[in-house]
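In what follows, a single structure is set out as structure tokens and then discussed.
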Number of protein chains: 2
Amino acid sequence: MNKKVSGSKNVTIKDVANKAGVAVSTASMALNNKPTISSDTKNTVLNVARDLGYHPTAAARALVDGKSSNVGLLIPVKVDSLFFSTGFFQKLIAGMNRAANEGGNMISLQIVESREETERVITEAYRTKNVSGSIITHPTQEMPYLDVINEVSYPVVFLGEPPRNFPYVDNDNYGVTKLATEHMIEHGHKRIAFLGGPKNLIASEARERGYRAALEQEGIEVQRRLIWRSRHDEQMAYQEVMNEAGKVEFSAICISVEEQMAGVYRALRDLGKSIPDDVALITIGDCQLAEHINPSMTTLDLHTEDLGYLAAKKLIRLINGEERQDSEIVSADLIRRQSCGCNTINGGDKSKLKVRNSSV
Amino acid sequence: MNKKVSGSKNVTIKDVANKAGVAVSTASMALNNKPTISSDTKNTVLNVARDLGYHPTAAARALVDGKSSNVGLLIPVKVDSLFFSTGFFQKLIAGMNRAANEGGNMISLQIVESREETERVITEAYRTKNVSGSIITHPTQEMPYLDVINEVSYPVVFLGEPPRNFPYVDNDNYGVTKLATEHMIEHGHKRIAFLGGPKNLIASEARERGYRAALEQEGIEVQRRLIWRSRHDEQMAYQEVMNEAGKVEFSAICISVEEQMAGVYRALRDLGKSIPDDVALITIGDCQLAEHINPSMTTLDLHTEDLGYLAAKKLIRLINGEERQDSEIVSADLIRRQSCGCNTINGGDKSKLKVRNSSV
DNA sequence: GTGAAAGCGCTAACAG
DNA sequence: CTGTTAGCGCTTTCAC
């Protein structure tokens, strides 16, 4: 077979039909694997198509069935707290990309800086049909464009729980923090600090509730002084710990997001505290640094790649009308390393670490 | 059965033409600002379109003029050295997005994990015309798919200099390192270490040459022992410095990429060296951490957002046949902070020192 | 100047 | 089962 790529001329379905000696519609149906075509002709057509290097033109197909194969990833950059993430978006996109590939879709970036722009982008996506639906990150309490989405029934899947009844994919923010805090308690700690995120983030609030619940469940009093908050970055986490650590006694910290991890290490080092002997640590969210830092960090792996995968998968099904608008929670795994006191050797306990390829 | 949206039927150009009392072709020409239409009818049409919330369907337009409005960002994830970047992709995408918005384009993600996949993605982009061209990151020496690109004249712009004669946008890797090293020399340092990147990266090699050139220019002997190399991440940079620092004397380090910065700080701290008194530092590439870390880091701002902007702008012009295939170098600015010894107060001196002008 | 009509490549009716 | 045909929404000749 000659896999010669014919330089300039575009191979259309007509060419395939001609070469295969069938009608265009037959070719079309064969290529789309319709049951009404005999497997003989189906094979013939498929072979000819492969030989000719035929690929259906996206525009023509989109024009016919009224929707494109592009799915949007809508990111409000103003919510920069997560955008400086060590690997969140990489993993997320890796997962989305995998789902998109499976469905023959492609991810289009919809980066917006304001509510007006968000509304414009969604409206245009709906009108131009260049993007058939979107995964929207970082839902906040005020999202006036939700009305627009509803009005035109634009398919969306949120990453994180949105204020209204839209489909979303998320971790169990309450549950993961509860589990993390419980793990500290299992290690015998009573005075456990919680380093949370900004108050206006919905996930931050849920994670704090999980922390409280774990303490209350064990009859440990929740102390205001032990609840700290910082922006999701190294520097702010460092400052918060430096500010608060002197005001109260504690033997463990539950760190609410991985971006804060490095700052906590730096602060404890500057304060002359050793990990995990003086202060034990656990962090919500796993990353490369957690594995390589010394001592290695015990984390809850939130399976962010799965999050992206499921979100995209759900969106594509939604677009294809294959699914009703429900939501999904991604599980988390505890990865025991050194910072909590579980292991003394470096590298940690990989027993619960699922093998995951290509974390982008 | 698909559920039909009751109120918001799709607004087509026909609706606009009808409402405006003109023919479809007139409406089309008016909307596309053709000179053959009287400004009176042009205004009428434009107003009606706005009132109706008309947006041209992407697929129909793409079908007619044989290309879509999507531009690809092709990222080979196997080259993960830069993908763990603290902010490179964020800035890059921000710039690309700005350019795309200006041209009415949208960025599509083309994430590939192997050469075969790269070839497949490019071929499909060309065949399906869902993506009209691509910005390709991380060119390496072996890129067999370049043949495919050439064969079908698929428009591409590389980020970084590719092996063959393709258009690209890049920083002056040689120049920036030379400037950085010169700055250390100006501070009186003679024994300057260079922490480079993996040997197989084209940019790494150029940056090392810049370092050598600066030393040679001042008659300072280049010492093998002072040339270090590590992967572009915190951990590997840390280890490399820990391994090499004891074997040789040095009073300054020129750090080749921002991802290595935190590792160098950590290593120097563990080695009991103070910055900048024992060891002065300068880093190629600016980032948030450089500003916030203590002492703050003197850097060369590579204007990564401009890089993305120019790359996308160039690609779009290429797609539209408005530009020949030339390349472009983005200038860099020296940002003087504390780590080099320029400033004692925090915050740094923003006075800018250009390396090289971009030709745009 | 403006309006009718011919496709762009594909899918899905409807005949054969 | 297969072939013919009518559009999807838009741009762009061509006549008027």
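Sequence lines set the chain letters: A, B, ... in the order given, protein chains first and strands last, and positions in each chain run from 1. Basis for what follows: all heavy atoms, side chains included, without hydrogens, waters or symmetry-related copies.
When DNA chain C is scanned in the 5' to 3' direction for atoms under 4.0 Å from non-hydrogen atoms of chain B, the outermost contacting nucleotides are C/dG1 to C/dG9.
The CZ atom of B/Arg61 sits 18 Å away from the P atom of D/dC8 (whole-angstrom rounding). Distance A/Lys129 NZ to D/dC8 C1': 10 Å, rounded to the nearest Å. Between the CG atom of B/Leu63 and the C1' atom of D/dT12 there is a distance of 14 Å, given to the nearest Å. Atom CD1 of B/Ile13 and atom P of D/dG9 are 12 Å apart (whole Å). Separating the CG atom of B/Asp15 from the P atom of D/dC8 is a distance of 11 Å, rounded to the nearest angstrom.
Here A/Asp326 pairs with A/Lys314 in a salt bridge; the nearest charged N to carboxylate O distance falls below 4.0 Å.
Contacts of B/Lys42 with the nucleic acid, taken as non-hydrogen atoms under 4.0 Å apart, are absent. Residue-level contact check: A/Lys34 touches the backbone only, with heavy atoms under 4.0 Å from sugar-phosphate atoms and none from bases. Among the heavy atoms of the strands lying under 4.0 Å from B/Thr57 are primed sugar atoms or P, OP1, OP2 only; no base atom is included. Here A/Asp65 lies out of heavy-atom contact (under 4.0 Å) with every strand.
Aromatic ring centroids of B/Phe166 and B/Phe158 lie under 6.0 Å apart.
With no hydrogens or angles considered, no side-chain donor-acceptor pair links A/Arg61 and B/Asn130 at under 3.5 Å. Remark: the B/Arg50 side chain and the B/Asn47 side chain contain an N/O donor-acceptor pair separated by less than 3.5 Å. A side-chain donor from one of B/Ser38 and B/Thr41 sits under 3.5 Å from a side-chain acceptor of the other.
Rounded to 10 degrees, the angle separating the terminal axes of the helix from C/dG1-D/dC16 to C/dG16-D/dC1 is 50°, with each axis obtained from five end pairs.
By the salt bridge (charged side-chain N to carboxylate O under 4.0 Å, His left out) test, B/Glu124 is found to be paired with B/Arg120, residues two or more places apart in sequence or in another chain being considered.
The list of salt bridge (charged side-chain N to carboxylate O under 4.0 Å, His left out) pairs with a residue in residues 152-167 of chain B, not counting sequence neighbours, reads B/Asp147-B/Arg164. The salt bridge (charged side-chain N to carboxylate O under 4.0 Å, His left out) analysis of residues 62-72 of chain B, with sequence neighbours excluded, yields no pairs.
In this structure, B/Thr123 contributes its side chain and B/Glu119 its backbone to a donor-acceptor pair below 3.5 Å. Looking only at distances, a side-chain donor or acceptor of B/Thr12 sits under 3.5 Å from a matching main-chain atom of B/Lys14.
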Look for any protein N or O under 3.5 Å of an N or O in nucleotides 1-5 of chain D and output each such pair with its distance, or none.
from, atom 1, to, atom 2, distance (Å)
D/dT2, OP2, A/Thr41, OG1, 3.3
D/dG3, OP2, A/Ala23, N, 2.8
D/dG3, OP2, A/Thr26, OG1, 3.2
D/dG3, N7, A/Ser25, OG, 3.0
D/dT4, O4, A/Ser25, OG, 3.1

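Figure legend: cation-pi geometry between A/Lys91 and A/Phe89 absent, as NZ or CZ is not positioned both under 6.0 Å from the six-membered ring centre and within 45° of its axis.
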